[in-house]
Each structure stands twice: as structure tokens, then as C-alpha cells.
Amino acid sequence: LKRDDGSSVDPYDKAGSYPKISQYDHMYLLNEAGKFDGALIDVIDPCFGTSSTVTIGTGTPPPGSTKNYLVAISSPLQRDGAADATKPCGSGSVILKKPGPVLEEDSAAATTTNTVGNTTSSTTSTTKKVPTTQEWIAVLPNSDDQYTFKVTRTGVSPLATKTLKDEAVYNAATGVLQVPKVRVVDRLYSVQLQQAPTAKSTNSAMTFGIVDAKVLNQPFSADPYLSTFNKDNNNVVKLPKVTIDASKQAYSVDLRLLPNNTLEFLSATPLK
């Protein structure tokens with residue numbers, strides 16, 4: 001319930017605050033708000049599209065081992081826009097709105113004058129009326145509640161099939177490695193690395209210099225594929241997916257931050 005005047009004063013709850021807020025952990029709502037960005041391999045939404053198949057890439061476990069896969073199921077939410085052939089569940093926002101109660105609160109005395117014919121009357125009021133808007137969510141009527149799953153193993157790595165919004169890209173021609181997002185302790189950075197020249201006649205490890213690093217003012221999301229720097233693990237920088245821009249071949253890459261603020265190449269595992 002929100003005041004339409006934008007004020008945070010609650011005339012009915014002097015010790016509390018306004019607007020009145022209820023907490024919801026509905027998965028469909030959180031996904032709409034971007035809280036699961038990067039955490040889900042793919043989504044089957046009966047409200048958008050007709051596909052009932054996703055390719056997630058599960059890899060091949062070692063002999064004698066098993067893997068557990070998690071499937072999250074959520075009821076779809078009703079939307080505030082009209083439905084059509086391409087959007088059978090409706091379009092628009094999943095946050096529904098309607099006029100709420102009108103609040104009356106104390107205010108400075110105000111006099112209203114009303115004239116009808118030769119008669120003039122005055123009314124003095126010490127309250128004002130504040131309209132409100134109520135926001136809520138509602139499960140889409142007639143949603144399916146029975147599902148059948150079939151798993152077909154492909155032997156493909158999960159990261160090879162998943163397009164990551166924040167995956168790193170390496171330009172083999174320029175030696176530039178662009179990392180859109182990396183977590184360092186409790187902050188996110190966008191980092192650009194430049195490969196240092198290495199003589200072909202030596203066996204020196206490949207190194208990268210830090211050309212640019214910018215702090216990102218973004219909240220953390222449940223992204224298992226986020227690039228990370230771990231100072232407690234020998235200063236290793238783990239890049240879950242680095243794509244070579246020319247060949248589109250992808251690798252999982254480990255680097256190590258050295259005392260001179262350069263990064264030493266440790267390993268690259270093909271994602272296939």
C-alpha cells in the first residue's frame with residue numbers, strides 16, 4: 001500500500017513507517033525482478049513461447065559417481081495487460097495495482113469557501129485526504145500443476161551451452177581480455193586486462209596487466225558462474241567462461257594475481 005503523494009508518514013501508525021510493505025518470496029516475482037539472473041540455466045514459461053525443452057548441458061560424471069540436478073517450479077503470475085495469441089497469460093507487469101483507501105491526516109487549518117447564489121459558506125478543516133495505491137500479486141488462474149520430465153544426456157558441459165551475460169571475452173589479435181564482472185570480496189568490478197608480450201624462445205608463463213578496473217554499483221545475484229578473485233586460495237582469479245572472439249571456442253580459465261599486480265596464466269580447460 002503506497003501513498004500517492006510519495007510521503008513516508010503513516011497517520012495511523014506513529015511508531016511505524018509508510019508505505020505498508022509485505023515481503024514476498026514468490027519465485028516468479030523474484031525472477032521477473034532479476035534476482036535469479038545468471039542462476040538459472042534456462043526457463044520454460046508456458047506464458048511465453050511454446051517450447052517445452054531446454055538444453056542445459058550436464059557433462060559426463062566419472063564412472064561410479066552420480067550428480068544431482070535441481071528443477072525449480074513456480075506458478076506463473078497474472079499480468080496487468082491483455083492476453084493475445086503470443087502472450088496467452090497477458091502482457092505487462094506481474095505487479096497488479098488498484099486504488100487503495102483514502103487516508104485522512106492532520107494538517108494545517110485550511111478554509112474552503114463555497115458560494116451558491118447569494119449565499120456564501122466557509123468550511124475550515126484541519127485534516128487532509130491522501131489517496132493510496134494498493135499493489136499485489138495473484139497466481140494466474142488455471143495454471144498447470146502436473147509436470148513430466150525427461151532427461152537426455154548429451155555429454156556437453158553446462159557452460160558450453162549457456163550464454164552468460166557477463167562472460168569474459170578474449171581478443172586473440174589484440175591480447176585484450178575483457179571481464180565484464182568479477183567479484184572481489186564484497187564488491188563487483190569490470191576489468192580490462194592486456195596480455196603482456198612474451199618471447200617465443202622462452203618458456204615464461206603468459207601474464208596479463210590490469211589496464212582498467214571500475215567499481216560496479218550493482219547488487220549481488222545468485223550467479224554460480226560469476227568470475228571471482230579468492231585471496232584465500234593463492235590469489236586465484238577464476239573465470240568460469242572465456243570466449244575467444246574469433247573462434248567462439250570457450251574455456252574455463254584460472255589466473256593468479258601476483259604481488260606486482262599482474263596476473264599469471266595458470267590453466268585453461270576447454271568447455272565442450
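Residue numbers run from 1 in the order of the sequence given.
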Exercise for review: Hey, could you give me the CZ/OH distance between Phe36 and Tyr28, rounded to the nearest 0.5 Å?
Suggested key: 13.5 Å
Check your understanding: Between the main-chain N or O of Arg256 and the side-chain N or O of Asn235, is there a donor-acceptor pair closer than 3.5 Å?
Key -> no
Revision key, fill the gap. CG (Asp254) and CD (Glu264) are apart, to the nearest 0.5 Å, by 11.5 Å
Practice item. Mark yes when over 12 heavy atoms from residues, nucleotides or ligands other than Asn260 sit less than 6.0 Å from its CG; otherwise mark no. Key: yes
Which pairs would a plain distance check flag for residues 179-193, meaning a side-chain donor or acceptor within less than 3.5 Å of a matching protein atom at least two apart in sequence or in another chain?
unit_1 : atom_1 : unit_2 : atom_2 : d
Lys181 : NZ     : Asp166 : OD2    : 3.3
Lys181 : NZ     : Gln218 : OE1    : 2.9
Arg183 : NE     : Val185 : O      : 2.8

Point to revise | Joint hydrophobic cluster, Leu226 plus Val215, side-chain heavy atoms closer than 4.5 Å | key: no
Check your understanding: Can you tell me if Thr243 uses its side chain to pair, donor with acceptor, with the backbone of Asp245 under 3.5 Å?
Key -> no
Check your understanding: Taking C-beta and beyond as the side chain, do Glu167 and Pro240 meet within less than 4.5 Å on heavy atoms?
Key -> no
Review point. Between Ser227 and Lys241, does a side-chain contact (heavy atoms from CB on, under 4.5 Å) hold up when you go through it step by step?
Key: CA-CA 8 Å; Ser227 298; Lys241 186 175 184 180; over 6 Å; no
Check your understanding: Looking at Gln249 and Tyr251, what are the two nearest heavy atoms and their distance?
Key -> CG-CE1, 3.3 Å
**Study point:** Heavy-atom side-chain proximity of Val94 to Gln78 below 4.5 angstrom
**Key:** no
Check your understanding: So, do Leu140 and Leu77 sit near enough that their side-chain heavy atoms are less than 4.5 Å apart?
Key -> no
Exercise for review: Check the pair Leu96, Ile137 against side-chain contact (heavy atoms from CB on, under 4.5 Å), reporting the backbone distance first and the verdict last.
Suggested key: CA-CA 6 Å; Leu96 308 179; Ile137 58 173; over 6 Å; no
**Study point:** Met206 with Leu258, same ILVMFWY side-chain cluster at under 4.5 Å
**Key:** no
Check your understanding: Are any side-chain N or O atoms of Thr132 and backbone N or O atoms of Pro101, one a donor and one an acceptor, separated by less than 3.5 Å?
Key -> yes
Review point. Quick one: is the NZ or CZ of Lys97 closer than 6.0 Å to the six-membered ring centre of Trp136, and within 45° of its axis?
Key: no
Check your understanding: Say you draw a straight line from CG of Leu271 to OG of Ser252; how long is it, rounded to the nearest 0.5 Å?
Key -> 6.0 Å
Practice item. Find out whether Pro99 and Pro131 are in side-chain contact, i.e. whether some heavy atom of one side chain is under 4.5 Å from a heavy atom of the other. Key: no
Review point. Does Tyr170 reach the side chain of Gln195, with side-chain heavy atoms less than 4.5 Å apart?
Key: yes
**Study point:** Transitive ILVMFWY side-chain link Leu257 to Val253, under 4.5 Å
**Key:** yes
Practice item. Answer yes if Met27 and Val43 sit in the same cluster of Ile, Leu, Val, Met, Phe, Trp and Tyr residues linked by side chain heavy atoms under 4.5 Å apart, and no otherwise. Key: yes
Check your understanding: What is the minimum heavy-atom distance between Leu177 and Ala168, and which atoms define it?
Key -> CD1-CB, 4.2 Å
Study note, to complete from the structure: In this structure, OG of Ser74 is separated from CG of Leu30 (nearest 0.5 Å) by 9.0 Å
Exercise for review: With rounding to the nearest 0.5 Å, note down the distance linking CG in Leu263 to OG1 in Thr207.
Suggested key: 9.0 Å
Check your understanding: Under 3.5 Å, side chain of Arg79 to main-chain N/O of Ser93, donor-acceptor pair present?
Key -> no
Practice item. State plainly whether one hydrophobic cluster holds both Val242 and Ile210, where clusters connect Ile, Leu, Val, Met, Phe, Trp and Tyr through side-chain heavy atoms under 4.5 angstrom apart. Key: yes
Exercise for review: Check whether any side-chain N or O of Asn233 sits under 3.5 Å from a backbone N or O of Val236 as a donor-acceptor pair, and report yes or no.
Suggested key: no
Exercise for review: Would you indicate whether the side-chain heavy atoms of Thr228 and Asn230 approach each other to under 4.5 Å?
Suggested key: no
Check your understanding: Could you give the distance from CG (Leu266) to CG (Leu255), rounded to the nearest 0.5 Å?
Key -> 6.5 Å
**Study point:** Test item: Glu32 side-chain N/O and Ile95 main-chain N/O as donor-acceptor pair under 3.5 Å
**Key:** no
